[in-house]
Number of protein chains: 2
Amino acid sequence: MSTATASRILSGARAGSPETAARVRTAARDLGYTGNSIARALRRRTTGNVGMVVPSIGNPFFTSLVEEVEHHLAGMGLNLFLCDARNDPELEAERLTSLTRGNVDGILISPVDSERSRAALEATAATVPVVQLDRFVRGSDGDRVILDDDHAIRLVVEHLADVGATTAAFVTSTAGSSSAHLRLAGVQRWGLQYGVSIAPDHVLDGEFTLLWGARAADRLLATGPLPDAVICSDDLLAVGMVMRLAQQGVHAPTDVLVSGFDDIDLASLTVPSITTLRQPRERMAAEAVRLLAARTADPSRAGSTVSLQGVLVARASTARRHDAAPAGPS
Amino acid sequence: MSTATASRILSGARAGSPETAARVRTAARDLGYTGNSIARALRRRTTGNVGMVVPSIGNPFFTSLVEEVEHHLAGMGLNLFLCDARNDPELEAERLTSLTRGNVDGILISPVDSERSRAALEATAATVPVVQLDRFVRGSDGDRVILDDDHAIRLVVEHLADVGATTAAFVTSTAGSSSAHLRLAGVQRWGLQYGVSIAPDHVLDGEFTLLWGARAADRLLATGPLPDAVICSDDLLAVGMVMRLAQQGVHAPTDVLVSGFDDIDLASLTVPSITTLRQPRERMAAEAVRLLAARTADPSRAGSTVSLQGVLVARASTARRHDAAPAGPS
DNA sequence: TTGAGCCGTGCAATCGATTGCCGATGTCCC
DNA sequence: GGGACATCGGCAATCGATTGCACGGCTCAA
């Protein structure tokens, strides 16, 4: 029997006679034969692997997004290869080229920087299907799944105004991610709208890490009276902020209101639990995988943008100020 | 000019004449040529990729271990492909086979379960170099890099005894990971030695997550008087425990001492900051990569085990109970 | 009986890069 | 000048699976 016959039967390309098929299958099982995916990939020009590049696997938001994505891909028989860009566009570019050189059929990426990630991203997109997820580069025309940051921030600011804030600080990341840009713009726009003013020196930008949240707390404490609220553009920042303030004897929500963003697990478990904006991670992942499949099927289709809305989750860290009864964890 | 010549010059296999080399290089640059790693892999039987399988990318300990590993691999020109086993031996086995089928030159793994991970792990190790990292399966004879859990737990128990604990609870994971086994054994052994007793119903096993830490807190609060100390075999557990206790008005270290394990970033930022055992992640990663390289170079070499020691980091969650000011003039 | 059509099977080309081997050319020294 | 030796470049085989094409055998209808 020729290898051609065996190949066809194992891959299901042609049924073959029942008898031959049975022979092939038992032989394959007995020998423990499982193709050679490299040879297969060379011939088929398809690997069954999808790459995902995230800015930082140290951020629980991205790891949980990865988990969702992986779940959806597994349902389609695809493997996920995860790469960490460590918030560095150059490292990100390296990851992209190494993924591109024949290892993956498609790429999901949350680009580190809305400007500095563009070149590598566009070069990659010219070679292999790419879908941007959560973050995106400015002015690219590919497929993307994003959060409606403007709407999200509106919810946050509205909520803070509701509970009595009229001044706020904004803690975010310096790195030029689309999230950072849009959230800053949103805070300024809706702050004006809802009467929550943000002094220029109360915009504190660093990184999306616990540590920067804590440092920002130190900085706020060092530079005069606290604002009514501290809006953090990421839950890690909010946790770092709340914890560090507490270490210095300043407590949310009695002394200052603090809000986060993303709704990572930790946000509901800290004391106080943290008000945040929940991103619809599951839907984001599902849409991203769907877009990737669509583009793989038809590489020439026009790029599309899916914009999803978040949900405000009010917790203890922004409980109404003169309202003694603490809100429990939601 | 033949492809053979170009191939040799680009791969550095032979220098070629200066003139030819220059021609090849400029042509390659102008055309943007970058091999086809699949074809190369087929011929060379080497991909330049290393796989890493961790029990959960939701656990910061593992993500930071991954970051270290990736750093070391990058230094050797290798890519890391990360897989999440989601604490499920079956999913882990699937990941292993998909990595094995020709995608990677070697695998680093922290096996989910010391028993149920064995079959897949051994099958994999028969095909491709494998190094176990942090966790390991019982009775396998491959290479591994582990923490000296017995010594580590001794440091923790000794410290708790020092600050006055005579009774303790132990919060850990049910899943049969080697870490869970060894730490439980350690707590029992050294508890006896140092006079810290652990009631059978004060061993609480669930998962290595924040949520289980919080649930375990509820359970402790529900079942009678608290022990002097709560030893957690993972920092996420300790954070969940401390936070949940605080939500219920029980504060460490005044009401109960709490210790964690791993020393993730979060442990130093919570209020109270958490006493923990720092694992030497950087060295673990370095040793694992080194072992993998050694085994790749010589697949027949005998397996070796590298055991590293941790360091106790004493913080606020176990501050001495009736001793506000450390030794000094009274 | 014959031609058309279908099915199962095998041959051989193909994917793209690497590499063993060989002939050609050049260099050096006796 | 001639032989030993090193260097350079190209042919063609190779990695392992997939697949276009063709061939033999079969059924079925005219």
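All heavy atoms count here, side chains included; hydrogens, waters and symmetry mates do not. Just so we're clear, the structure is a prediction, and the values are computed from it rather than from any experiment. Chain letters run A, B, ... following the sequence lines, proteins first and then strands; every chain starts at 1.
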Should the heavy atoms of other residues, nucleotides or ligands under 6.0 Å from [atom1] of [X] be counted, would the total exceed 12?
{"X": "A:R301", "atom1": "CZ", "result": "yes"}
{"X": "B:R118", "atom1": "CZ", "result": "yes"}
{"X": "A:D265", "atom1": "CG", "result": "no"}
{"X": "B:H181", "atom1": "NE2", "result": "yes"}

Self-check item: Residue pair B:R95, A:E70: steps toward the salt bridge (Lys or Arg N to Asp or Glu O under 4.0 Å) verdict
Solution: CA-CA 11 Å; B:R95 294 282 163 272; A:E70 211 231 1; 2.5 Å; yes
Quiz item: Where along residues 24-32 of chain B does a heavy atom come under 4.0 Å from DNA chain D, residue by residue in number order?
Solution: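 Per residue number, the list is empty: none.
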Please list, for nucleotides 17-25 of chain D, all pairs of protein and nucleotide N/O atoms separated by less than 3.5 Å.
{"from": "D:dA17", "atom 1": "OP1", "to": "A:Y33", "atom 2": "OH", "distance (Å)": "2.8"}
{"from": "D:dA17", "atom 1": "OP1", "to": "A:N36", "atom 2": "N", "distance (Å)": "3.4"}
{"from": "D:dA17", "atom 1": "O5'", "to": "A:Y33", "atom 2": "OH", "distance (Å)": "3.2"}
{"from": "D:dT18", "atom 1": "OP1", "to": "A:R40", "atom 2": "NH1", "distance (Å)": "2.7"}
{"from": "D:dT18", "atom 1": "OP2", "to": "A:S7", "atom 2": "OG", "distance (Å)": "2.7"}
{"from": "D:dT18", "atom 1": "O2", "to": "A:R43", "atom 2": "NH1", "distance (Å)": "3.0"}
{"from": "D:dG20", "atom 1": "O6", "to": "A:R8", "atom 2": "NH1", "distance (Å)": "3.4"}

Separation of atom [atom1] in [X] from atom [atom2] in [N], rounded to whole Å:
{"X": "B:R101", "N": "D:dG16", "atom1": "CZ", "atom2": "C1'", "value": "15 Å"}
{"X": "B:I38", "N": "D:dC15", "atom1": "CD1", "atom2": "C1'", "value": "13 Å"}
{"X": "B:R23", "N": "D:dC8", "atom1": "CZ", "atom2": "C1'", "value": "13 Å"}

Quiz item: Hey, mind stepping through B:R290 and B:E287 against salt bridge (Lys or Arg N to Asp or Glu O under 4.0 Å) and telling me if it holds?
Solution: CA-CA 5 Å; B:R290 191 180 60 75; B:E287 292 289 341; 2.6 Å; yes
Exercise. State, without any angle test, whether A:H71 and A:E282 hold a side-chain donor-acceptor pair at a distance under 3.5 Å.
Key: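 Not at all, the side chains of A:H71 and A:E282 share no donor-acceptor pair under 3.5 Å.
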Exercise. Among B:S178, B:S110, B:S140, B:S117, find the residue that satisfies the side-chain hydrogen bond (donor to acceptor under 3.5 Å, both in side chains) test when tested with B:Q132.
Key: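 So the option named by the test is B:S140.
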